[in-house]
Novice: 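Just passing along the structure, written as structure tokens.
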Amino acid sequence: MTIRRVMPIVHSEDMEQNRDFYGRLGFEEVMNLGWIMTLASPTTPAAQVSFMTSDKTAPVSPDMSVEVDDVDAAYAAMREAGAEIVHPLQDEEWGVRRFFVRDPNGRVVNVLGHR
């Protein structure tokens, strides 16, 4: 399994304020679904940060995202290890397949792959 990117998710109610602030550091908006917005470096596209009001389809909001090349294998590995699955593996309407798992520190990790 290959990790493609890791990005923090900051819980916020003010997307515009974050876009302006991080824009001064060189970030550009690459995705905005209204409830989640992702900013990325134009020179290093995998350098990203997301801002979220609350997750659209899950019972909790994640603290970070990890994109992998095989989300089904990641899901199987976490289940086999007995990790707490917070949100089951599912396909989302915005083009990702994902699940949430709780890490040893209690943080919720969104593990995803693009379809």
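Residues take their numbers from the sequence shown, with the count starting at 1.
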Novice: How many angstroms lie between CD1 in Ile36 and CE in Met15, if you round to the nearest 0.5 Å?
Specialist: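 Reported to 0.5 Å precision, the distance equals 7.5 Å.
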Novice: Tell me whether Thr44 contacts the main-chain N or O of Ala46 through its side chain, where contact means a donor paired with an acceptor under 3.5 Å.
Specialist: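 Checking the backbone N and O of Ala46 against the side chain of Thr44, no donor-acceptor pair under 3.5 Å is found.
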Novice: Gly113 and Val71: which non-hydrogen atoms are nearest, and at how many Å?
Specialist: N-CB, 4.0 Å
Novice: Heavy atoms only: give me the nearest Val60-Asp55 pair and the separation to one decimal.
Specialist: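 Closest approach of Val60 to Asp55, heavy atoms only: O-CB, 3.6 Å.
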Novice: More than 12 non-hydrogen atoms from neighbouring residues, nucleotides or ligands closer than 6.0 Å to CD on Gln17, yes or no?
Specialist: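 No - once you tally the heavy atoms of other residues, nucleotides and ligands closer than 6.0 Å, there are 12 at most.
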Novice: Of the non-hydrogen atoms in Met1 and Ala74, which two are nearest, and what is the gap between them?
Specialist: SD-CB, 3.3 Å
Novice: Nearest 0.5 angstrom please: Asp63 CG to Arg102 CZ, how far?
Specialist: 8.5 Å
Novice: Between Val49 and Met7, is a side chain to side chain contact (heavy atoms under 4.5 Å, CB included) present by the stated rule, with each step listed?
Specialist: CA-CA 5 Å; Val49 60; Met7 87 185 114; 5.9 Å; no
Novice: Keeping the roles fixed (side chain from His114, backbone from Asp69), state whether a donor-acceptor pair exists under 3.5 Å.
Specialist: no
Novice: Determine, stepwise, if the pair Val68 / Tyr75 fulfils side chain to side chain contact (heavy atoms under 4.5 Å, CB included).
Specialist: CA-CA 11 Å; Val68 296; Tyr75 184 71; over 6 Å; no
Novice: Below 4.5 Å, heavy atoms only, C-beta onward: do Arg98 and Thr57 meet side chain to side chain?
Specialist: yes
Novice: Test side chain to side chain contact (heavy atoms under 4.5 Å, CB included) on Ile9 and Ser61 and set out the steps.
Specialist: CA-CA 9 Å; Ile9 299 174; Ser61 295; over 6 Å; no
Novice: Could you go step by step and tell me if Leu112 and Arg5 meet the side chain to side chain contact (heavy atoms under 4.5 Å, CB included) rule?
Specialist: CA-CA 10 Å; Leu112 69 115; Arg5 68 185 165 130; 4.2 Å; yes
Novice: In terms of hydrophobic clustering (I, L, V, M, F, W, Y; side-chain heavy atoms under 4.5 Å; direct or indirect links), are Phe100 and Met64 co-clustered?
Specialist: no
Novice: Please examine the side chains of Glu29 and Met37, heavy atoms only from C-beta on, and report whether any two atoms are closer than 4.5 Å.
Specialist: yes
Novice: Do other residues, nucleotides or ligands put more than 12 heavy atoms under 6.0 Å from the CD1 atom of Ile3?
Specialist: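 Open: at most 12 neighbouring heavy atoms sit under 6.0 Å from CD1 of Ile3.
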Novice: Can you tell me if Asp103 uses its side chain to pair, donor with acceptor, with the backbone of Asn105 under 3.5 Å?
Specialist: yes
Novice: Check whether any side-chain heavy atom of Arg19 lies under 4.5 Å from a side-chain heavy atom of Asn32, and answer yes or no.
Specialist: yes
Novice: First locate atom CZ of Arg79, then atom CG of Leu89, and finally report the distance between them rounded to the nearest 0.5 Å.
Specialist: 9.5 Å
Novice: Looking only at heavy atoms, which two atoms of Pro45 and Ala40 are closest? And how far apart?
Specialist: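 Closest heavy-atom pair between Pro45 and Ala40: O-CB, 3.8 Å.
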Novice: Give the cluster check for Leu33 versus Val30: same hydrophobic cluster or not, with ILVMFWY residues linked at side-chain heavy-atom distances below 4.5 Å.
Specialist: no
Novice: Do side-chain atoms of Asp91 reach the backbone of Arg97 as a donor and acceptor pair under 3.5 angstrom?
Specialist: no
Novice: More than 12 non-hydrogen atoms from neighbouring residues, nucleotides or ligands closer than 6.0 Å to CE on Met78, yes or no?
Specialist: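 For Met78, atom CE is not crowded (no more than 12 foreign heavy atoms under 6.0 Å).
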Novice: Quick check against the 3.5 Å criterion: does Thr38 have a side-chain atom that pairs as donor or acceptor with the backbone of Ser50?
Specialist: no
Novice: Consider only side-chain heavy atoms of I, L, V, M, F, W and Y, link residues closer than 4.5 Å, and tell whether Val66 and Val101 are in one cluster.
Specialist: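 Cluster IDs for Val66 and Val101 match.
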Novice: For a quick test of reading the model, state the closest non-hydrogen atom pair linking Lys56 to Glu93 and the distance between them.
Specialist: NZ-OE2, 2.7 Å
Novice: Just say parallel, tilted or perpendicular for the rings of Trp35 and Trp94, cut-offs at 30° and 60°.
Specialist: perpendicular
